2 protein chains.
Amino acid sequence: MAKYKLDEIDHQILDMLIDNTRIPFTDIAKKLVISAGTVHVRVKKMEEAGIIQGSSLTLDYKKLGYSFIAYVGVFLNNTSQTKFVLERINEIPYVTVAHITTGKFNIFCKVRAKDTAHAKDIIFMLDDIDGIYRTETMISLEESINDKKRLMHTIFNEL
Amino acid sequence: MAKYKLDEIDHQILDMLIDNTRIPFTDIAKKLVISAGTVHVRVKKMEEAGIIQGSSLTLDYKKLGYSFIAYVGVFLNNTSQTKFVLERINEIPYVTVAHITTGKFNIFCKVRAKDTAHAKDIIFMLDDIDGIYRTETMISLEESINDKKRLMHTIFNEL
DNA sequence: GGTGAAACTTCTAATAA
DNA sequence: TTATTAGAAGTTTCACC
């Protein structure tokens with residue numbers, strides 16, 4: 001990957017788009033005192049460079065009937081099975097995140113489910129995967145912080 | 001909050017917006033064989049109902065210089081300090097997610113940092129918070145799965 | 001690189017069905 | 001609730017800095 005250096009204007013464009021991806025480029029242009037065409041070109045470049053990977057809605061999972069979150073630590077029989085196990089885990093759409101980790105666990109997952117009964121089913125699915133020796137579940141009682149935008153603003157102000 | 005029931009069309013609108021929030025409403029309208037005005041009205045309603053909480057860019061953190069991810073489990077001296085400790089944690093922008101959990105830990109955090117040196121600073125900040133007795137860090141070697149869109153598509157197809 | 005204007009497309013609100 | 005419509009607004013391209 002070619003090194004791509006963002007400048008102050010790029011940062012400010014990202015900073016505005018992060019809060020609202022549908023903000024008109026003309027609004028961004030006005031605030032930064034540049035033309036809408038420039039905003040357009042820069043956004044396209046950042047997309048091509050892979051800095052902007054895409055956009056997504058933030059939805060209220062609770063209102064969609066998915067109010068259960070758990071983190072599941074996975075112990076493997078043998079780390080050589082990591083790739084295979086991750087492929088199996090990837091078949092479960094309720095596992096939204098999985099990391100290979102150091103420390104206590106070999107793999108660490110985030111699970112979203114409708115309720116405890118549904119979560120039980122998902123955890124059993126995980127336990128059933130060949131190569132998984134044991135799992136350990138931490139149930140979220142409350143998601144108190146969830147704010148990647150704050151981090152992005154911090155990153156952009158570091159300049 | 002008033003109960004808000006999404007129908008098939010709402011689901012399909014969300015399903016398309018999740019993949020690309022800047023897709024023109026006219027494109028959505030064409031695919032669903034409804035008018036763009038209808039799409040507009042429905043999106044606005046879902047925003048007002050709080051189902052759509054906002055939109056955000058998916059950025060490549062590595063390219064922004066933040067390639068380090070860790071999960072940190074927090075042990076409190078006493079659960080009565082939970083609220084106070086979360087307020088302190090919330091002051092650290094590098095902690096992007098925090099949950100109150102059952103199981104091993106009292107609080108569970110996700111940390112994003114530039115590198116191991118930066119992560120050390122952040123973890124020391126956590127350890128320094130009054131009421132935190134001890135922390136346990138799991139370093140991510142690789143984020144193998146990160147796909148909430150897949151879950152959303154699954155939810156919308158459950159209808 | 002950036003601009004500004006033109007051509008094109010989309011949005012949005014009001015009205016009508 | 002949905003469709004139509006028309007003026008307002010946004011996007012994108014391109015010739016020219």
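Labels below follow one simple rule: chain letters A, B, ... track the order of the sequence lines, proteins then strands, and each chain is numbered from 1. Treat the numbers as computed from the prediction; the structure is a model and nothing was measured.
Protein atom CE of A:M46 is 13 Å distant from nucleotide atom P of C:dG1, rounded to whole Å. Between A:F25 atom CZ and C:dA5 atom P there is a gap of 21 Å when expressed in whole angstrom units. C:dG1 atom C1' lies 15 Å from atom CD of A:E48, rounded to whole Å. Summarising the geometry, the separation between CG on B:D7 and C1' on D:dT2 is reported as 12 Å, rounded to the nearest angstrom. Rounded to an integer number of Å, the gap from A:E47 CD to D:dT11 P is 12 Å. One can place CG of A:D10 at 8 Å from P of C:dG2, the figure rounded to the nearest angstrom.
Here the side chain of B:R150 pairs a donor or acceptor atom with the backbone of A:N90 at under 3.5 angstrom. Judged by distance alone, with hydrogens and angles left aside, the side-chain atoms of B:K104 form no donor-acceptor pair with the main-chain N or O of B:V74 at under 3.5 Å.
Ranking D:dT1, C:dT10, C:dA13 by closeness to the B:K45 side chain, first place goes to D:dT1. Taking the side chain of B:P24 as heavy atoms from C-beta on, and the options C:dC11, C:dA13, D:dT12, the nearest nucleotide is C:dC11. For A:I34, whose side chain is taken as the heavy atoms from C-beta onward, the closest listed nucleotide among C:dT3, C:dT12, D:dT11 is C:dT3. Here the nucleotide nearest the side chain of B:D27, chosen from C:dT12, C:dT10, D:dA3, is C:dT10. The nucleotide whose nearest atom lies closest to any side-chain atom of A:S35 is, among C:dT3, D:dA3, D:dT11, C:dT3. Here the side chain of B:H40 is nearest to one of D:dT11, C:dG2, C:dA13, namely C:dA13.
Regarding contacts with the backbone of C:dA13, a side-chain N or O of B:K44 is found under 4.0 angstrom from either OP1 or OP2. A:R22 has no side-chain polar atom (N or O) that falls below the 4.0 Å cut-off from OP1 or OP2 of D:dG10. Here B:R42 does not reach the OP1 or OP2 of D:dT1: none of its side-chain N or O atoms lies under 4.0 Å away.
The environment of OH in A:Y133 is sparse: at most 12 heavy-atom neighbours from other residues, nucleotides or ligands sit within 6.0 Å.
In this structure, B:I139 is not a member of the same hydrophobic cluster as A:I100, with clusters built from ILVMFWY side-chain heavy atoms closer than 4.5 Å.
Contacts of A:T38 with the nucleic acid, taken as non-hydrogen atoms under 4.0 Å apart, include base atoms. Contacts of B:K30 with the nucleic acid, taken as non-hydrogen atoms under 4.0 Å apart, are absent.
Checking B:F108, B:F105, B:Y71 one by one against B:E136, the side-chain contact (heavy atoms from CB on, under 4.5 Å) holds for a single residue, B:F105.
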